[in-house]
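Here the structure is laid out as structure tokens; the discussion comes afterwards.
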Amino acid sequence: LLFSAFAATAQTNFKPGYILNTNKDTVKGYLDYREWGKNPRQVMFKKSLDEAAQKITVNNANGFGINGAEYYDKAVVKISTSSIELPQLKERIDTAYIVDAAFLQKVVQGSKVSLYQFTDVNKPHFYLFENESQTMIALNQYLYLDSESRNIVNVNQFTGQLMVLAGKYQPDNKDLSYTISRAKYEEDNLIDIVLKINDDPKGKKSVTKNSYIRGFAGIAVRRQGFGIDSGTPLSPFPDGKSSNSIGGSVSAGLDFVANKYTEKVIVRLEVTASYSPIKLEDPAAGQPVRHRLDIKQTGIAFIPQLIYNFYSTDNVKTFIDLGAALNIYSYNHYGYEYFYENGTKEIAYGYPVLETFMLNFPVKAGVQLKKNVQIYVGYITKVSMSKYPGWDAHAASMQFGINYMFR
């Protein structure tokens with residue numbers, strides 16, 4: 001974890017782009033592109049990859065862009081300070097704001113109006129730049145908590161603002177007025193309306209779709225530890241017993257990548273088929289009597305996961321992977337064997353009864369090479385496999401695997 005924190009701080013991800021200097025001249029180069037949860041206050045810039053980086057802020061630049069990904073323009077705007085989180089809602093409209101210079105993300109470049117977004121700790125804010133008047137208009141929405149009904153009230157001031165612009169540029173478009181009246185204060189809704197105001201149905205979106213979906217398939221070797229607790233004569237192995245065995249698994253699934261340029265956060269949906277042999281054998285000390293259990297376990301697991309690349313370059317990424325696995329197991333026609341001193345034995349088929357549905361939590365760490373190969377080691381947390389009073393059968397696994405991603 002310490003290494004992860006250090007690597008996340010130290011890494012860079014320079015991508016081709018540009019800055020607009022204070023004279024609004026375009027200077028091409030490379031920008032350190034991150035998955036910004038909020039609009040960046042600063043960004044590191046290089047004219048070439050082999051020179052030192054310089055810090056770009058609203059004080060020394062009028063904007064910047066990462067080619068094919070995101071574009072930002074500097075503007076001095078009113079920023080609402082009210083919250084949209086329920087615990088912070090007031091019982092009246094809070095229209096307070098601050099005035100500040102900020103890098104606004106350009107969402108739509110339009111011939112009449114352009115749409116911008118600014119996200120801070122409070123909420124997302126949307127702005128329209130009208131080309132004719134050269135003014136930046138803050139689209140406002142306010143939420144408050146009604147003191148009597150205790151309901152959340154939306155004051156959608158932005159719909160009236162959009163109505164004015166629609167009447168100015170598309171006065172005959174009745175459908176547009178209806179769309180605005182039902183609009184939500186969300187990016188997709190506002191993009192659709194701005195494109196219609198500009199009469200540009202095909203769109204000139206400045207924010208491209210950075211997310212994408214890829215498939216993957218993989219194989220893994222597993223070392224499963226299986227054990228039965230001691231402490232009671234009712235246990236199949238009263239003195240306790242454990243063993244390790246080597247099995248394997250194959251897997252396939254889909255990755256939902258939030259940003260194709262950084263690949264920082266990935267949601268993975270995986271299906272895994274596994275096989276694990278289980279063998280316990282307990283000779284009695286100095287006697288030929290023994291207990292034996294020989295089980296073949298097969299399983300299907302459905303595993304949603306969250307992958308975080310804490311160090312990332314074009315050729316190498318290091319990641320951690322946390323998941324929750326719903327396992328469905330089946331077993332061969334096994335039996336618990338008890339050998340007598342005279343050489344005879346008894347077999348209790350289907351004993352001990354092992355669970356067929358289990359939940360455990362796989363954890364992985366590894367490296368991604370180039371764009372397609374992941375190599376990892378992992379641990380599958382200990383899980384109880386029986387429901388007997390006084391003793392328990394349990395299993396946990398280590399694994400080593402390779403995945404190949406299809407793009």
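What you see is a predicted model, and the numbers here were worked out from it, not measured in a lab.
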_Interatomic spacing from CZ in Phe45 to OH in Tyr18 - rounded to 0.5 Å_ = 11.5 Å

*Under 4.0 Å between a Lys/Arg side-chain N and an Asp/Glu carboxylate O for Asp32 and Arg34?*
yes

*asked:* Could you check, using the six-membered ring where one of them is a Trp, whether Phe319 and Phe310 have ring centers closer than 6.0 angstrom?
replied: no

*Would you indicate whether Tyr331, at its atom OH, is surrounded by more than 12 heavy atoms from other residues, nucleotides or ligands within a distance under 6.0 Å?*
yes

*asked:* I'd like to know if Glu70 and Lys15 make a salt bridge, using a cut-off of under 4.0 Å between side-chain N and carboxylate O.
replied: no

*Would you call Asp255 and Arg214 a salt bridge, taking side-chain N to carboxylate O under 4.0 Å as the test?*
yes

_Within the supplied structure, the quantity of interest is the number of heavy atoms (other residues, nucleotides, ligands) at a distance under 6.0 Å from Arg407 CZ; does it exceed 12?_
yes

*asked:* Parallel, tilted or perpendicular, judged at 30° and 60°: which one describes the rings of Phe237 and Tyr336?
replied: perpendicular

_Cation-pi check for Phe216 against Arg268: NZ or CZ below 6.0 Å from the six-membered ring centre and within 45 degrees of the axis, yes or no?_
yes

*Mind checking whether Trp36 and Tyr72 have parallel, tilted or perpendicular rings, split at 30° and 60°?*
perpendicular

*asked:* Salt bridge or not between Arg41 and Asp100? Use side-chain N to carboxylate O under 4.0 Å.
replied: yes

*First locate atom CG of Asn360, then atom CG of Leu326, and finally report the distance between them rounded to the nearest 0.5 Å.*
9.5 Å

*Decide, yes or no, whether a salt bridge links Arg292 with Glu346 under the criterion of side-chain N to carboxylate O below 4.0 Å.*
no

*asked:* Does the Lys NZ or Arg CZ of Lys46 fall within the cation-pi geometry relative to Phe14 - under 6.0 Å from the ring centre and within 45° of the axis?
replied: yes

*Parallel under 30°, tilted from 30 to 60°, perpendicular over 60°: which one fits the rings of Tyr404 and Phe406?*
perpendicular

*Are Lys168 and Glu132 within salt-bridge range, i.e. N to O under 4.0 Å?*
yes

_Audit row: Ser83, Glu85, side-chain hydrogen bond (donor to acceptor under 3.5 Å, both in side chains) steps and yes/no_ = CA-CA 6 Å; Ser83 176; Glu85 299 298 328; 5.6 Å; no

